2 protein chains.
Amino acid sequence: MESSDFIPNLAYDSVIFGFSGDQLKILLMEYHNTGLFALPGGFVKKTENLDDAVRRGLAERTGLTHIYLEQFHTFGNLSRHKPEVMKTILIANGHDPNGPMRWLLDRFISVAYYALIDYRYVIPRPDELSDSCTWYHVDQLPELILDHREIVNKALENLRENLDRKLVGMNLLPEKFTMQELQRVYEAISGTSFRRTSFQRKMLAMEVLIRHEKKYSGKAHKAPYLYSFTRK
Amino acid sequence: MESSDFIPNLAYDSVIFGFSGDQLKILLMEYHNTGLFALPGGFVKKTENLDDAVRRGLAERTGLTHIYLEQFHTFGNLSRHKPEVMKTILIANGHDPNGPMRWLLDRFISVAYYALIDYRYVIPRPDELSDSCTWYHVDQLPELILDHREIVNKALENLRENLDRKLVGMNLLPEKFTMQELQRVYEAISGTSFRRTSFQRKMLAMEVLIRHEKKYSGKAHKAPYLYSFTRK
DNA sequence: CATTATTGTCTCATTTTGTAACAATAGTAC
DNA sequence: GTACTATTGTTACAAAATGAGACAATAATG
């Protein structure tokens, strides 16, 4: 990680949403020997588009390309600059805080993105400073460094606002899904519950769903249809 | 303007909306002797919050403080880096493009904000590189440098999305206004027209308006009430 | 075949929205 | 003053959207 390749004082952070077991989850990194948790983030190369830097980082962290990404806010308060936190992390990783990684102690303005991905295909990979890169239920997050908690909150807020405007479900679910699964996604994001029949009527009225074959679960009841979204 | 005071490679641009004569307008700067138009922008000091940098710039450009501001996107494509444009501007202003202002030719990632302001109170002031800082109707903008046209489009898109979520009218109108004036604002932003009676019913149902005395225009018809928003 | 759980659809009441009508003015013309 | 005009605030009714429940269909089980 060579400082001179990157735009100074500029970083990005990503809130990576996945859905499993009726729950909305996000990926968090845990730094070696510190118990500190953070959002996956990175830096922007001097000869790279901002969006591409984020996609590069996401690919490294999840193994996925072609990810649904939304930029939602840029965090630029001075209060987010806490060099002592980064110093702790560097020391815990055996780096000299006055060595070649010293630039990590600088002030960073961070452009925040959220990603929606199909949970099943992710292979979380920690980076060199981290032990783990793991899914956490959004309602049970550990304490996060710097302003990362605020970033998550703003991501959630934004995701909720987009729930009715964009086809959020499309990116969190497999290609084919049942109406119930789709409803669970909407409920997890909005934090409320919907009436089954109203939800079904609303979704079908949007005319973005294609109905496929039934899905036999082996359970003793009528089998639901599988649906997919019309446009890829 | 001393390069070393600022965060390198980071700028902001502002889309300043005002409303007058039933039209939505924005403030544009014209650079000396070039015929080039741009959004008012600036740079962030190393010891300054991002938001504060923007407020500082807005105050300089408009004379106003306490402005309604929304950050809406950060533009970070390589394609927005066109050093020859900035070079032209520097030369036209009698600066040496290899002199102390050379840093202006660097690549900049720009955080974009829009502001909503009461047109009447603005005293537009050009900066040192500009002849003018003038209002332009959003449908009749001159050609803009770099990606500033894209920035305006995205600002408009964002403003439209916020039209029903936030009290947009509050910031573009005087303290007291008629229902018709409010409707004109909504129509100018949305680009559509609304039925008078439905609009009135909708606004009153929101219960955010206080009705005041009537406004006598001197015209031969019933005088409309003046309204204000409940919360400041 | 009866039972159970769940699904897709339909029905009806309620609420919201679209549309037009109407009465109330504030001026002008006379 | 009265008649007339333009615009406003409100009401009335139709149409559409939504909330809430009923109901039939069906995939398993015993």
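All values below were derived from every heavy atom in this structure, side-chain atoms included, with hydrogens, water molecules and symmetry-related copies excluded. The structure displayed is predicted, hence computed values, not measured ones. So that the names make sense, note that chain A is the first sequence line, chain B the second, and so on, each numbered from 1.
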Novice: Quick one: does A/R55's side chain have a donor or acceptor within less than 3.5 Å of a partner on A/I67's backbone?
Specialist: yes
Novice: Less than 4.0 angstrom from a charged side-chain N to a carboxylate O is my criterion; do A/D51 and A/R56 meet it?
Specialist: no
Novice: May I ask you to list the residues of residues 188-204 of chain B, by number, that have any heavy atom positioned under 4.0 Å from an atom of DNA chain D?
Specialist: B/R196, B/T197, B/Q200, B/R201, B/L204
Novice: Not counting sequence neighbours, list each pair that qualifies as a side-chain hydrogen bond (donor to acceptor under 3.5 Å, both in side chains) and has a residue in residues 25-34 of chain A.
Specialist: A/H32-A/D131
Novice: In terms of side-chain geometry, is the basic nitrogen of A/K215 or A/E181 positioned less than 4.0 Å from the acidic oxygen of its partner?
Specialist: yes
Novice: Are the charged groups of B/D13 and B/R80 less than 4.0 angstrom apart, N to O?
Specialist: yes
Novice: Output the rounded distance in Å from NZ (A/K215) to C1' (C/dT6).
Specialist: 13 Å
Novice: Between B/L156 and B/R160, does the side-chain contact (heavy atoms from CB on, under 4.5 Å) criterion hold? Intermediate values first, please.
Specialist: CA-CA 6 Å; B/L156 271 168; B/R160 281 188 189 125; 4.3 Å; yes
Novice: Measure from NZ on B/K219 to P on C/dA29 and round the result to the nearest Å.
Specialist: 14 Å
Novice: Report yes or no: is the cationic atom of B/R211 (NZ for Lys, CZ for Arg) closer than 6.0 Å to the six-membered ring centre of B/Y225, at no more than 45° off its axis?
Specialist: yes
Novice: Partners of A/N171 by side-chain hydrogen bond (donor to acceptor under 3.5 Å, both in side chains), sequence neighbours excluded?
Specialist: none
Novice: Which residue, A/G218 or B/A223, contacts DNA chain D at a nucleotide closer to its 5' end, judged by nearest heavy atom?
Specialist: B/A223
Novice: Going 5' to 3' along DNA chain D, between which two nucleotides do contacts with chain B fall, using a heavy-atom cut-off of 4.0 Å?
Specialist: D/dT5 to D/dA12
Novice: Anything under 3.5 Å between a protein N or O and an N or O of nucleotides 2-5 of chain C, put it in a table, one pair a line.
Specialist:
residue	atom	partner	partner atom	Å
C/dT4	O2	A/A220	O	3.0
C/dA5	N3	A/A220	O	3.4

Novice: Should the pair B/D147-B/K82 be classified as a salt bridge under the 4.0 Å nitrogen-to-oxygen rule?
Specialist: no
Novice: Under 3.5 Å, side-chain donor or acceptor atoms of residues 70-78 of chain B against the rest of the protein: list the pairs with distances, not counting sequence neighbours.
Specialist:
residue	atom	partner	partner atom	Å
B/E70	OE1	B/K166	NZ	3.3
B/E70	OE2	B/Y68	OH	2.6
B/E70	OE2	B/K166	NZ	3.0
B/Q71	OE1	B/Y113	OH	3.4
B/T74	OG1	A/T74	OG1	2.5

